Amino acid sequence: MKILVTGGPVYAKIDAVKIVTNRFRGGLMARLADELIGDEDVEVVYLCARGSAEPQMCVGPDDLGGREPTSGNRIVYHDGFHDYRAKVLEMAPEFDAVVLGAAIANLIPVGCSGSFIEEAQRVERGEPSGFVHLPLDGKFPSHDYKPGDHVHMIWMIAPRIIDEVKEVMKSGAHLFG
């Protein structure tokens, strides 16, 4: 039986160095993965962010961005919400069971502007937008602002990945969330 287990925080990026996250580290899901590995007929892939609690099932680096597998078990790392979502949706159809235990950021920054109200007025008038899409590839240009300036961020409620996983899972597979 092949089982995908996700654990730890799934952060949302603002730029190349700033993230929005939560305090969870994934200890419970890491322990669950270790318990599942105790059954020799079970292969576990554990998906988490670097710095999360990890199961003790693997050692050494591999070329997939994870750690070298032991007996088919491996850890794969994600790089924030969008990467997590893509990896879960890509991998889920391969598994007999999927345990979505990661703590996903439910607010995703999608943009910012100097003034949300001014930006809305510009859009209404059909003027060029000053909207900046997030996450930024580099670092947020804080040198363009002075202390006390307000930076308005626009957020979206994160899509429910569990609903998307239901659509791609193979028939007869089990989903836990």
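From a predicted model like this one, the values you see are computed outputs, not experimental measurements.
By the 4.5 Å heavy-atom criterion applied to side chains, Val98 and His174 are not counted as neighbours. At least one side-chain heavy atom of Pro93 sits under 4.5 Å from a side-chain heavy atom of Val168. No side-chain heavy atom of Glu43 sits less than 4.5 Å from a side-chain heavy atom of Arg74. Within the 4.5 Å cutoff, the side chain of Met91 has heavy atoms near those of the Leu47 side chain. Side-chain contact between Ile19 and Ile14 is absent, with no heavy-atom pair separated by less than 4.5 Å. At least one side-chain heavy atom of Val76 sits less than 4.5 Å from a side-chain heavy atom of Lys87. The shortest distance between side-chain heavy atoms of Ile108 and His82 falls below 4.5 Å. Taking 4.5 Å as the limit, some side-chain heavy atom of Val99 sits within range of a side-chain heavy atom of Ile3.
Taking hydrophobic clusters as Ile, Leu, Val, Met, Phe, Trp and Tyr residues chained together by side-chain heavy-atom distances below 4.5 Å, Val20 shares a cluster with Ile157. In this structure, Phe24 is not a member of the same hydrophobic cluster as Ile162, with clusters built from ILVMFWY side-chain heavy atoms closer than 4.5 Å.
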Intermediate values then yes/no, side-chain contact (heavy atoms from CB on, under 4.5 Å), Val110 and Trp155
CA-CA 6 Å; Val110 294; Trp155 302 79; over 6 Å; no
Please evaluate residues Leu100 and Val88 with respect to the criterion side-chain contact (heavy atoms from CB on, under 4.5 Å), reporting the C-alpha separation (whole Å), side-chain torsions for both, the decisive distance (0.1 Å), and the verdict.
CA-CA 9 Å; Leu100 298 176; Val88 167; 4.0 Å; yes
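The shortest heavy-atom contact between Gly7 and Cys48 is O-CB, 3.4 Å. Residues Met1 and Asp96 come closest through the heavy atom pair CA-OD2, 3.4 Å. Residue Gly138 comes nearest to Asp15 through the heavy atom pair O-CB, 3.1 Å, listed as atom of the first residue, atom of the second, then distance. Val5 and Met29 make their closest contact through CG1-O, 4.0 Å (heavy atoms, listed as atom of the first residue, atom of the second, distance). Of all non-hydrogen atoms in Gly8 and Ser52, the two that sit nearest each other are CA-OG, 3.9 Å. Nearest heavy-atom pair across Tyr11 and Ala49 is CE2-CB, 3.8 Å.
Within the model, atoms CG of Leu32 and CZ of Phe176 stand 9.5 Å from one another, a figure rounded to the nearest 0.5 Å. Between the CG atom of Leu89 and the CE atom of Met169 there is a distance of 11.5 Å, given to the nearest 0.5 Å. How far CD1 of Ile37 is from CG of Asn73: 4.0 Å, rounded to the nearest 0.5 Å. Considering CG of Asp41 and CG of Leu36, their distance stands at 12.5 Å, rounded to 0.5 Å. Taking OH from Tyr46 and CD1 from Ile75, the interatomic distance works out to 8.0 Å, rounded to the nearest 0.5 Å. Atom CG of Leu107 is separated from atom CE of Met153 by 11.5 Å, given to the nearest 0.5 angstrom.
Side chain of Asp34 to main chain of Gln56: a donor-acceptor pair is present (N/O by atom type, distance under 3.5 Å, no hydrogens or angles). Asn22 contributes a side-chain N or O that, together with a main-chain N or O of Ala103, makes up a donor-acceptor pair within less than 3.5 Å.
Using a cut-off of 4.0 Å between Lys/Arg side-chain N and Asp/Glu carboxylate O, Arg85 and Glu164 are scored as salt-bridged. With respect to Asp163 and Lys166, a salt bridge is recorded, a charged nitrogen being found less than 4.0 Å from a carboxylate O. Arg50 and Asp79 are not joined by a salt bridge, as no carboxylate oxygen comes within less than 4.0 angstrom of a charged side-chain nitrogen.
Judged by distance alone, the side chains of Tyr77 and Asp83 never bring a donor and an acceptor atom under 3.5 Å apart.
Environment of CD in Glu94: crowded, with over 12 heavy atoms of neighbouring residues, nucleotides or ligands closer than 6.0 Å.
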